[in-house]
Novice: 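One structure, pasted below without further comment.
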Amino acid sequence: MKFRTPEGTRDIPPAQAEVAERWRNTALWQSLEAKVRDCFARFGYEEIRTPIFELTELFHKSSGETSDIVEKEMFSFKGRGEKAESFSLRPELTPGTIRAVLEDSLLEKKSFWKLWYMGPAFRGEAPQAGRFRQFTQLGVEAVGSADPLIDAETMILFAEILKSAGVAAWELRINSIGCGACRGGYREALRAAVTPELPKYCDNCRRRVERNVFRILDCKVPDCVALSSRLPSAIDHTCAACRGHMEAVEGALKGAGTPYKVDPRIVRGLDYYTRTVFEFSSSSLGAQNALCGGGRYDTLVRDMGGPDVGSVGFAAGVERILLAMEQGAAAKPPDFFAVAIRPELRAPLFEAVNRLRRTGLSGDMDFEGRSVKSQFRQANRSGARYALVLGPEEAAQGKVKIKNMLKEGEERAVSLDEAAAVLREGVRS
RNA sequence: GUGGCCGUAGCUCAGUUGGCUAGAGCGCCUGGUUGUGGCCCAGGUUGUCGCGGGUUCAAGUCCCGUCGGUCACCCCA
């Protein structure tokens with residue numbers, strides 16, 4: 001085979017292709033997409049769509065220069081012409097979404113927006129179970145509110161998505177990393193606590209002390225985990241306002257019956273988070289077990305040149321949700337499959353099929369000139385409830401025969417006009 | 001970028017200490033039925049054994065290289 005998908009990318013064929021990985025079929029995707037849209041609608045979120053590439057600079061400004069994502073995982077390319085700016089395929093959708101909110105002056109029209117999105121994102125990492133170079137993110141951004149209830153709402157919403165998708169094995173962990181007022185103090189407290197034992201930490205962590213101490217907390221090297229478990233936790237260093245915010249978030253989660261755990265090790269890899277951060281993970285996933293990550297970002301909109309308003313959002317991996325849900329989905333079978341007894345009847349049959357389709361029924365026929373037996377085999381395989389049979393006898397009377405594929409021996413000849421009614425009646429029951 | 005494992009039919013895989021013409025199950029096709037599917041029966045179809053080189057009388061099998069996949073580290077959705 002000469003051509004294959006680029007490393008870390010996947011095709012999603014129709015369900016009948018029966019590829020080994022159950023999640024790779026468009027029937028399953030469509031059913032999840034429908035459920036997800038329904039959840040967003042029930043919670044009052046509206047869809048926004050943005051380009052899949054943006055100016056590279058946008059990601060540097062928003063996601064943070066030191067985050068791994070912009071540091072080494074972006075697919076960047078030069079634009080055309082004189083200016084030849086650098087563009088990048090989006091590694092996440094939050095920056096583009098906020099950019100759009102500002103560019104289209106959404107906040108001038110309404111001071112608070114609940115937006116959702118779903119679309120491809122790209123990161124140049126080494127692929128692995130549940131990790132792809134092109135993957136699909138779905139997420140929300142609630143822009144223009146500092147209300148702790150909206151933090152809780154995004155989490156409750158995602159839990160609802162998991163429920164309706166049929167993902168049972170999940171866990172929600174939350175943390176507060178403080179605001180502009182208290183984060184600096186915590187940073188210093190961390191540095192002070194880490195420095196004396198610095199040689200005991202891994203190479204990575206030693207670099208993190210200067211660049212981003214907080215990330216030491218989510219290092220997975222066993223020695224570092226042991227060391228960092230004794231470090232001061234963010235919650236103890238947050239200001240009264242941040243503590244109050246966290247308590248309100250927890251209260252709302254409890255009230256909604258959404259189970260969660262406070263985990264001081266949740267830090268997040270992106271620079272823009274403030275106060276609430278959270279992560280949904282699933283034990284049925286493998287090493288890459290994060291389903292969804294999110295949190296509050298109270299300074300991002302302002303940093304990007306917009307008004308000083310608070311926001312909160314999350315992003316989830318659609319492939320991972322699909323991977324974690326155990327039930328499959330089959331394609332919807334057509335209402336009928338038409339069979340021509342003689343090759344010369346294929347043209348009139350084709351006409352009949354199209355007439356029935358125009359009435360709203362779904363149906364198909366053979367396009368390979370197969371034998372009658374084979375056509376019935378196809379009818380059976382398609383899952384159609386009815387076979388529509390056109391042979392010399394029926395043609396002579398201007399009729400077609402309708403055969404019920406589910407009931408042995410049930411056949412009746414009717415005029416084409418009646419056929420539509422009979423099929424619709426049968427399909428409905 | 002680093003490391004482990006794996007590349008044989010459309011799919012899942014077997015293939016012994018190197019040894020006849022490379023196999024099974026499933027699928028697919030045709031027939032058993034002047035115009036009837038599923039079940040059954042009969043027959044049929046498909047291979048660059050990932051690629052290149054080496055050892056050997058002989059390589060799917062051993063060696064080297066290479067490409068691809070996969071899992072893990074890292075990081076994250």
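By convention in this document, chain letters (A, B, ...) are assigned in the order of the sequence lines, proteins followed by strands, and residues within each chain are numbered from 1.
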Novice: Side chain of A/Arg4: nearest nucleotide among B/rU12, B/rA77, B/rG68?
Specialist: B/rG68

Novice: Less than 4.0 angstrom between a side-chain N/O of A/Gln128 and OP1 or OP2 of B/rA72, yes or no?
Specialist: yes

Novice: Any salt bridge between A/Arg296 and A/Asp147, counting N to O under 4.0 Å?
Specialist: no

Novice: Just to confirm, is there a sub-4.0 Å distance from OP1 or OP2 of B/rC29 to any side-chain nitrogen or oxygen of A/Arg381?
Specialist: yes

Novice: Between A/Arg131 and A/Glu7, which is nearer to the 5' end of RNA chain B once each is assigned its nearest nucleotide?
Specialist: A/Glu7

Novice: Quick check on RNA chain B: between A/Asn404 and A/Arg123, whose nearest nucleotide comes earlier from the 5' end?
Specialist: A/Asn404

Novice: Ion pair present between A/Glu54 and A/Arg90, side-chain N to carboxylate O less than 4.0 angstrom?
Specialist: no

Novice: Please report the distance, rounded to the nearest Å, between CG in A/Leu162 and P in B/rA77.
Specialist: 15 Å

Novice: Protein within reach of the bases, or only the backbone? For nucleotides 31-36 of chain B, mark each nucleotide 5' to 3' as B, S or -, using heavy atoms under 4.0 Å.
Specialist: SB-SBB

Novice: Answer with yes or no whether A/Asn380 presents, from its side chain, a donor or acceptor under 3.5 Å of a partner atom in the base of B/rG37.
Specialist: yes

Novice: Thinking salt bridges, do A/Arg275 and A/Asp151 make one under a 4.0 Å N-O criterion?
Specialist: no

Novice: Would you kindly give the CD-to-C1' distance between A/Glu171 and B/rA77, to the nearest whole Å?
Specialist: 17 Å

Novice: Taking atom P of B/rC76 as reference, at what distance in whole Å does atom CZ of A/Arg320 sit?
Specialist: 11 Å

